[in-house]
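Worksheet: the structure to be examined is printed underneath.
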2 protein chains.
Amino acid sequence: MTAKNESKNSDNAKPTVKEIPDKIVRRLPHYYVQLKNMLNKDVEYVSSEQLASIMGYSSSLIRRDLSHFGQFGKKSYGYDIHCLYSNLHRILGFNHEKSMVIIGAGFLGRALANNKSYEERGYLLRGIFDKDPAIIGLEFNNLRVMDVERAPEFIAENNIDVAALAVPALEAQKTADMLVKAGIKGIWDFTETPVEVPEDIILIEQNMNDGLCKISCKLVQKSK
Amino acid sequence: MTAKNESKNSDNAKPTVKEIPDKIVRRLPHYYVQLKNMLNKDVEYVSSEQLASIMGYSSSLIRRDLSHFGQFGKKSYGYDIHCLYSNLHRILGFNHEKSMVIIGAGFLGRALANNKSYEERGYLLRGIFDKDPAIIGLEFNNLRVMDVERAPEFIAENNIDVAALAVPALEAQKTADMLVKAGIKGIWDFTETPVEVPEDIILIEQNMNDGLCKISCKLVQKSK
DNA sequence: TTTCAATTGTACATTATTTAACAAAAATAA
DNA sequence: TTATTTTTGTTAAATAATGTACAATTGAAA
Ligand SMILES: NC(=O)c1ccc[n+]([C@@H]2O[C@H](COP(=O)([O-])OP(=O)(O)OC[C@H]3O[C@@H](n4cnc5c(N)ncnc54)[C@H](O)[C@@H]3O)[C@@H](O)[C@H]2O)c1
Ligand SMILES: NC(=O)c1ccc[n+]([C@@H]2O[C@H](COP(=O)([O-])OP(=O)(O)OC[C@H]3O[C@@H](n4cnc5c(N)ncnc54)[C@H](O)[C@@H]3O)[C@@H](O)[C@H]2O)c1
């Protein structure tokens, strides 16, 4: 089983580095955003209790999450906002430069191309690909759409880390296979169909329909 | 604390209907998609073991999830694919018609407007709103963009259930407040900033950056 | 100094979720 | 008909996640 590998250990894990539980990884960006908002306020420290009341997590969960990475806090003061922020920055890997391409320059691909938040997270958008000759050559966010036939070469030559997959569902698996073969390390998958990749490839299923389903399910539960 | 209310009980819950755990709700659409793919194959039944090997969940988890809603299975055969599919359809609320609007007709709003999968899930896209005069009046997917000033009236009069929130982060809370006041029941939130709503409003934070952060975090972990 | 207050980091308790195990039911084979 | 196989639904066990409680530490006040 190669799908659903987000939470499995990679078997080449070194014993010295304890893998961060997925649950914590999911909360880290929330802490990060919150801390970022506090950076330019004139307070230097924030306590887990304060964070808790703002963010809706319990203070002990916050302390626990953060203690996973060492002892950042200062007793009777709380956490140094700048220090914690930059540590989260590092833990989340934002200080590492990562290269990205978008496959599929349809409605979603174009939206992704215009997303402003890549740089802050260390991503550099390097290319956009499509297979439609009417789309190849168009420019979005100063990037000219290239023929997807050239993607394998481009990815390999430029050592691209991550691909955002925004092709139609029927093309999803085929395209994922191509990406893996070309040496991609992670796939940010927007197609709404299950995609299988080898275990060592990071696959994030950014399935938006799940959100819609959840609302629908909850609406009905309420109406009963 | 009104944020992070996705998993909290609504306090007006009737004791007869047991609330479906969030973890299960998240898996239901996956079962649904899988079953759908099987519909037109010439098999009538599928066992939890078969589903397990396809989907990557354990068979025991699948049986447990499904048993939450009654006894769908047939011993020594498995689950009737059509029957299970239509039950999931009902449980997910896809047979209920739900109305939706999109707030913000930028890159993402336009992508959402062209999403093809609403109908199957019982959503009817009823309107798109923006505040930019240069955008108001444009047409996407046969819907003319309306002035967001008219949204409260439109939502109230047409009894709109769900709003997709695709405005800039700085406008997010303000717009959410407007939606709640207008009587919206659920918000599908794409802004990347925390939004607070009253407890009885269904808020799904479709935060895409979390996906990017996760990839980044995992890439660094691997490279160490 | 000494006491008091604040707040972390962690040990322990509780709750939630998943897996394992299996009795019961139903079909098929003998 | 009887035994065997399959597979559910459910109970019990294991694992994971979160919450509670508190000793330890630090700074500030007395
Ligand atoms: N639009 C949305 O709101 C939305 C939301 C969630 C998920 N998605 C999913 O994202 C994907 C793209 O959606 P979209 O709305 O942009 O669709 P779209 O039809 O607008 O765009 C798809 C693009 O992919 C290109 N393409 C097709 N095959 C390709 C290939 N093999 N290689 C490269 N490019 C190829 C097409 O030419 C087209 O430009 C779909 O799987 C869709 O289900 C879309
Ligand atoms: N583009 C992406 O890939 C992407 C991905 C994830 C999240 N998001 C988020 O989605 C939101 C929209 O992104 P986008 O790329 O479409 O941005 P965009 O700038 O292209 O579109 C925003 C639109 O909202 C309109 N708007 C502004 N204030 C408004 C208001 N009060 N009421 C109604 N409309 C208003 C603007 O006129 C504009 O048309 C942002 O919060 C962004 O962070 C975007």
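Chain identifiers are assigned alphabetically (A, B, ...) following the order of the sequence lines, protein sequences preceding nucleic acid strands; residue numbering begins at 1 within each chain.
Partners of A:Y123 by ring pair (Phe, Tyr, Trp, His ring centres under 6.0 Å), not counting sequence neighbours: none found. Remark: B:P168 engages B:E171 in a side chain to side chain contact (heavy atoms under 4.5 Å, CB included) (not counting sequence neighbours). Contacts of A:D189 classified as side-chain hydrogen bond (donor to acceptor under 3.5 Å, both in side chains), with partners at least two apart in sequence or in another chain: A:T191. For the side-chain hydrogen bond (donor to acceptor under 3.5 Å, both in side chains) test, residues two or more places apart in sequence or in another chain that qualify with A:R27 are A:D65. The side-chain hydrogen bond (donor to acceptor under 3.5 Å, both in side chains) check on B:R64 picks up nothing, with sequence neighbours excluded.
In summary, the side chains of B:S48 and B:R63 do present a donor paired with an acceptor at a separation below 3.5 Å, with no hydrogens or angles considered.
Judged by distance alone, the side chain of A:D161 and the main-chain N or O of A:S99 form a donor-acceptor pair under 3.5 Å. Under a 3.5 Å cut-off, the side chain of B:N115 and the backbone N or O of B:A111 do not form any donor-acceptor pair.
For the pair A:P21 and A:K75, both in contact range of DNA chain D, the more 5′-proximal nearest nucleotide belongs to A:P21. Comparing B:Q50 and A:S76 by the nucleotide of DNA chain D that holds the closest heavy atom to each, the one mapping nearer the 5' end is B:Q50.
If you check every strand for non-hydrogen atoms under 4.0 Å, B:S48 touches sugar and phosphate atoms only. Residue contacts shown for A:S58 are limited to sugar-phosphate atoms, with no base heavy atom under 4.0 Å away.
Nearest approach of A:Q206 to B:G211, heavy atoms of both residues: OE1-CA, 3.7 Å.
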Which side-chain N or O atoms in residues 34-45 of chain A pair as donor and acceptor under 3.5 Å with protein atoms at least two apart or in another chain?
unit_1: A:K36; atom_1: NZ; unit_2: A:E120; atom_2: OE2; d: 3.4
unit_1: A:K41; atom_1: NZ; unit_2: A:N37; atom_2: O; d: 2.9
unit_1: A:Y45; atom_1: OH; unit_2: A:K74; atom_2: NZ; d: 3.4

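For the segment residues 33-47 of chain A, the set of residues with a heavy atom within less than 4.0 Å of an atom of DNA chain D is empty. Interface residues of residues 78-87 of chain B facing DNA chain D, ordered by number: B:G78, B:Y79; criterion, heavy-atom separation under 4.0 Å.
In 5' to 3' order, the nucleotides of DNA chain C bounding all contacts with chain B (an atom under 4.0 Å from a heavy atom) are C:dT17 to C:dT28. Think of the region where chain A sits on DNA chain D: with heavy atoms and a 4.0 Å cut, that region ends 5' and 3' at D:dA17 to D:dA28.
Within the structure, every pair that satisfies the side chain to side chain donor-acceptor pair (under 3.5 Å) test and touches residues 76-86 of chain A, not counting sequence neighbours, is listed here: A:Y32-A:Y85. Listed by first and then second residue, the ring-ring contact (aromatic ring centres under 6.0 Å, His included) pairs involving residues 191-213 of chain B amount to none (not counting sequence neighbours).
Counting only heavy atoms from C-beta outward, the side chains of A:P21 and A:H68 approach each other to under 4.5 Å.
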